[in-house]
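Below is one structure, written out as structure tokens; the observations come after it.
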Amino acid sequence: MTALGETARIALAAARELADGESCFVGIGIPSDAALLARRSHAPRLGLIYESGVFGADPPGPPLSTGSPEVAAGAAMIADGLTAFGELQAGRISCALLSAAQVDRFGNLNSTVLGPYEAPKLRMVGSGGAHDIACLARRLIVVMPHDPRRFVERVDFATSPGAAPRDTARRRALGLGPGPSVLITGRGRFEMTADGWRLAATLPGFSAADALEGLPWGTPPGPVPGVAFDAAALSALAALPHLHEPSPAP
Amino acid sequence: MTALGETARIALAAARELADGESCFVGIGIPSDAALLARRSHAPRLGLIYESGVFGADPPGPPLSTGSPEVAAGAAMIADGLTAFGELQAGRISCALLSAAQVDRFGNLNSTVLGPYEAPKLRMVGSGGAHDIACLARRLIVVMPHDPRRFVERVDFATSPGAAPRDTARRRALGLGPGPSVLITGRGRFEMTADGWRLAATLPGFSAADALEGLPWGTPPGPVPGVAFDAAALSALAALPHLHEPSPAP
Amino acid sequence: MVRDHVRPGQTLFLGGFGHAVPFALGQEIVRQGIGGLTLCRSGADILFDQMIAAGVVRRVIFGYVGNPGVGLGHAFRRAVAAGTLELEEWTNFAMILRLHAGRLGVPFLPARILGIGDQTPATAAAARIACPYTGTELTAIPALVPDVALIHAQQADDEGNVQLWGVDGDTVEGALASERILVTVERIVPAATLRAAPERTRLPAHRVTAVAEVPWGAHPSWVDGAYGRDDAHYRDYDAVSRDPATLDRWLDDWVRSGGGARCTDLLTDDDLAALRTALGGAS
Amino acid sequence: MVRDHVRPGQTLFLGGFGHAVPFALGQEIVRQGIGGLTLCRSGADILFDQMIAAGVVRRVIFGYVGNPGVGLGHAFRRAVAAGTLELEEWTNFAMILRLHAGRLGVPFLPARILGIGDQTPATAAAARIACPYTGTELTAIPALVPDVALIHAQQADDEGNVQLWGVDGDTVEGALASERILVTVERIVPAATLRAAPERTRLPAHRVTAVAEVPWGAHPSWVDGAYGRDDAHYRDYDAVSRDPATLDRWLDDWVRSGGGARCTDLLTDDDLAALRTALGGAS
């Protein structure tokens, strides 16, 4: 199992969060890969939705953009961005997957700036649809490579709002979704609690200590189960070459 | 000329109000016929728009409904009602044509009820898009057969608001169009003034007295010119059989 | 499909703006006698009138009810006079915006209409708001989220993706605004056929509750590419619906005894062939 | 077309959400040196970055600026660091709603976003309103009406009706929101061809200011049914744009000396043939 690259591990673990028949709002990269893996294994009726307005997508290869030919090819429906975000705001899409440059203890995500907004150390791409997804999704799964620099106590800019208790109350008042409930890293599966992320399971080949290595949030409350990848998912993975690269043992 | 039926006369006279290159929001019946006549004669680039969402229509025959096959056949664009009314509200459509069961001195139109709303003598079809068109059109032309029962001092229900001075001020405050500016009947062409409709021209075969016969509004201020139908329009009319029926001499 | 998913007292959006009116679905509701319904859409044609005549409608939320290009809705008119039908009367644009708000998941949308002219009780009760940027006075059009949308379309695949092209009006708005969507189609097609033209898909599978193949399911309205509009039927309906007893017998013949797609049983093969090749139909 | 209809200092909407990005039009603006521009759209790709690098952009109104799937917009990043570019930063949904409000002719639209999380100066200044029916707190998203929209599409007829199919994003919203619309197309087709498929028409003739036939006018993005996306070009751009001097030379070669459709002159016939038959292109 240690031959699985980090991207493949995250996609496999995130795919397990998605049930058949769900509709899932995804972006480019691991979110798209994870949903596609689920669709090609245990969730053949999973509806992939991209912000470009594409519904029921089944990309034959990894797209660079949500408006790429791979997203359109073989899709069930091509509408527009208003339709995609409108369905999301109306609570008609069951879940969403997001990634970002930084994630913090309460699931705030940053894709805007490193450093202060007015004088950034690094100006990044901005929200795109990430803020909107984080506000509106009824269930939100965050995926991140295990790179400790990306895990911070508090993000420099909360592009996509998280689920701190104060935010949770405000979300309810505004009629928003609950915010991120699950975080999949290259080593572990975390669940959101009133104290922030709690390690809930480890990925194959990693211990609880590995999963928490370098992270600014705490130790697990007790023994942590391991996630098992099933044969169908591994076999779907084999058909997605860009996810199948080997990676160094941890 | 007296062989022209009333519908044909109204359509011919209303067509003269429309310039080439304009876009025109029309409903079923004479509004549609008038715009089509203009398109088939002096205004070949007139864009006919129906509330069903059809743009650049060129009906091969008279449609019964704005969603009929004749409206769709040969149209340049089929979108939806939101697009049609959105363009109208944004002031992107240059003019509109309306008819109704009743019209009054200030161009209020009634297509809702005869008698009181809560206990009507006759319940009719309701606004449809008529209220919306009367509010939003940048230029509005009303067409009505010369049936004195339809011309009243005050409509029973102002489905589609007119251009009384008080309403004109309110229209300006709300960012609406100016309301009806021209009324074409089977006998005359009227223009809106601060005192209401004023006879501005007569249709071929009719005197000013004919045009005002049985109407609740006043006499013309002086001599009134006649409208002349040109050869191109009459020849276009010949190709629209349903408008070409003869009618009794007035 | 209707039996499983439509309950007495629900609010139903009926698709079809002149084109692709879901007659088969609406008439099936009449046959099953599912009553106390609220019907809504912008411009409604004789399917509303028939359902009102059949006694299954308690209330209508609408911009227009009639027989387009022919005349009034006579059963509608009589029900208003008798006081047996509740009216919530808007305009076509207002209805489109009510559904658009429902579809977008916001409780209202602002519009420039309904601030002048006579108002119905419904539009008089609409809130007036000021734009926080320009100060402009606007009407707040409240969202409408129907319980069930009844839609007829050209085709769908096994998964439930629905393709509908041609005149739309507020059909897609109303479908996407609704909690559940029931669809009849002229034909079920393979997923690969549908996915070869994804721009024609207007309702994604995960939003569609059920699909049934019901050819002629929109007759006497029309389906772009399949058959033309049976204008004669609409004109005949004006004649028969002027008298309640005549209309009741007509409902027995055309609706209660079969109806929907099966009401085309009452047409001859020549009639059907003529509609198939009429303007708008297959060529 | 650009010379006649684009003025320095105007606000331009650039069409193309990944698909059908109007590179030929944007690069023509660079060649003509029309400066002081404000560019807007939801998700913007390397055409924004190139125009920023070329010095014609004063301000961007945006939800995202980058090189999708590849990395950052390096000229954008440097201009922000240098303080030479004004930012009005929203989110993609907010930008879509700004354009949707402009298209519908209302001064704002309500939305549930932008009420939580860190705000940019633009979103922090957005008004909060209460729904008059439910009391729900909402953000009032102000309308945006660009001066000119630049659009690339598959085809148009002589009258100026424009057909665009495939991925849209906010392209049609932005075009219809704009005062004027300039369009390049892969091909001009007879009116009868266009009118045979009126559902594919997205911009009606009376709204379109000018149309020009510019094959390959969206390269290196793609056009559904015509050619695939030149992903290698996007990756190369990441490399050349990391260094300002290298990027300037690259702009000389690819943009200033020809650009747009003509930038495909720099590709070999084999390259073009491969794109034509790539995923998304003609088969």
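In the text below, chain A, chain B and the rest are named by the order of the sequence lines, each starting its count at 1.
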| field | Pairing residues for D:Asp170 by the salt bridge (charged side-chain N to carboxylate O under 4.0 Å, His left out) criterion, not counting sequence neighbours | value | D:Arg41
| remark: Honestly, the part of D:Leu87 sitting under 4.5 Å from a heavy atom of chain A is side chain
| Residue among D:Gly115, D:Gly43, D:Gly66 with most heavy-atom pairs under 4.5 Å to chain A | D:Gly115
| Between D:Leu97, D:Thr134, D:Leu114, D:Asp45, the one whose heavy-atom pairs under 4.5 Å with chain A are most numerous | D:Leu114
| message | My understanding is that only one of D:Leu39, D:Leu150, D:Ile151 makes a side chain to side chain contact (heavy atoms under 4.5 Å, CB included) with D:Phe13; could you say which? | response | D:Ile151
| request: Heavy atoms only, distances under 4.5 angstrom: which of A:Asp167, A:Val71, A:Ile28 has the most pairs with chain D? Name it, please. | output: A:Asp167
| field | D:Arg235 and D:Asp231 ion-paired at < 4.0 Å | value | no
| Of all of D:Trp90, D:Tyr64, D:Phe17, D:Phe93, which one pairs up most often with chain A through heavy atoms under 4.5 Å apart? | D:Phe93
| task | Below 4.5 Å from any heavy atom of chain D, which atoms of A:Ile78 appear? Answer side chain, backbone, both or neither. | result | side chain
| field | Any side-chain donor near an acceptor of the partner, D:Gln50 and D:Tyr237, under 3.5 Å | value | no
| note | Partner of A:Met144 under side chain to side chain contact (heavy atoms under 4.5 Å, CB included), picked from A:Ile184, A:Leu98, A:Ile30, A:Leu183, is A:Leu183
| query | Is it the case that D:Arg202 places NZ or CZ above or below the six-membered ring of D:Trp165, under 6.0 angstrom from the centre and within 45 degrees of the axis? | reply | no
| query | Which one of D:Val65, D:Ile96, D:Ile116 has the most heavy-atom pairs closer than 4.5 Å to chain A? | reply | D:Ile116
| Under 4.5 Å from any heavy atom of chain A - which part of D:Thr120 | both
| field | Heavy-atom closest contact (D:Gly228 atom, D:Ala278 atom, distance) | value | CA-CB, 3.9 Å
| Under a 4.5 Å heavy-atom cut-off, does chain A meet the side chain of D:Ala20, its backbone, both or neither? | neither
| query | Are D:Phe62 and D:Phe76 near enough that their ring centres are under 6.0 Å apart? | reply | yes
| query | Side chain, backbone, both or neither: which part of A:Tyr117 has a heavy atom under 4.5 Å from chain D? | reply | side chain
| query | Under a 4.5 Å heavy-atom cut-off, does chain D meet the side chain of A:Ala84, its backbone, both or neither? | reply | neither
| task | Return the orientation label for the D:Trp222 and D:His19 ring planes: parallel under 30°, perpendicular over 60°, tilted otherwise. | result | tilted
| note | For A:Ala236, the side-chain contact (heavy atoms from CB on, under 4.5 Å) test, sequence neighbours excluded, returns A:Leu37, A:Arg40, A:Ser41
| Pairs where residues 104-113 of chain A contributes a residue and the test salt bridge (Lys or Arg N to Asp or Glu O under 4.0 Å) is met, not counting sequence neighbours | A:Asp104-A:Arg154, A:Arg105-A:Glu153
| query | What residue, out of D:Arg78, D:Arg77, D:Glu89, has the most heavy-atom pairs lying under 4.5 Å from chain A? | reply | D:Glu89
| remark: One option among A:Val54, A:Leu88, A:Val125, A:Ile133 has the most heavy-atom pairs under 4.5 Å with chain D, and it is A:Val125
| Hey, what's the ring geometry for A:Trp197 with A:Trp217, parallel, tilted or perpendicular (30° and 60° as the breaks)? | tilted
| said: Centre-to-centre under 6.0 Å for A:Phe25 and A:Phe85, is that the case here? | reply: yes
| said: Does any backbone or side-chain atom of A:Glu70 lie under 4.5 Å from a heavy atom of chain D? Answer side chain, backbone, both or neither. | reply: both
| note | Scored by heavy-atom pairs under 4.5 Å with chain D, the best of A:Pro161, A:Gly81, A:Pro69 is A:Pro69
| Pick from A:Leu122, A:Leu174, A:Thr159 with the largest number of heavy-atom pairs that fall under 4.5 Å of chain D | A:Leu174
| Residues of residues 136-145 of chain D near chain A, each having a heavy atom less than 4.5 Å away | D:Thr136, D:Glu137
| query | Would you find more than 12 non-hydrogen atoms of other residues, nucleotides or ligands less than 6.0 Å from A:Arg170 atom CZ? | reply | yes
| query | Is it the side chain or the backbone of A:Pro63 that comes within 4.5 Å of chain D heavy atoms, both, or neither? | reply | neither
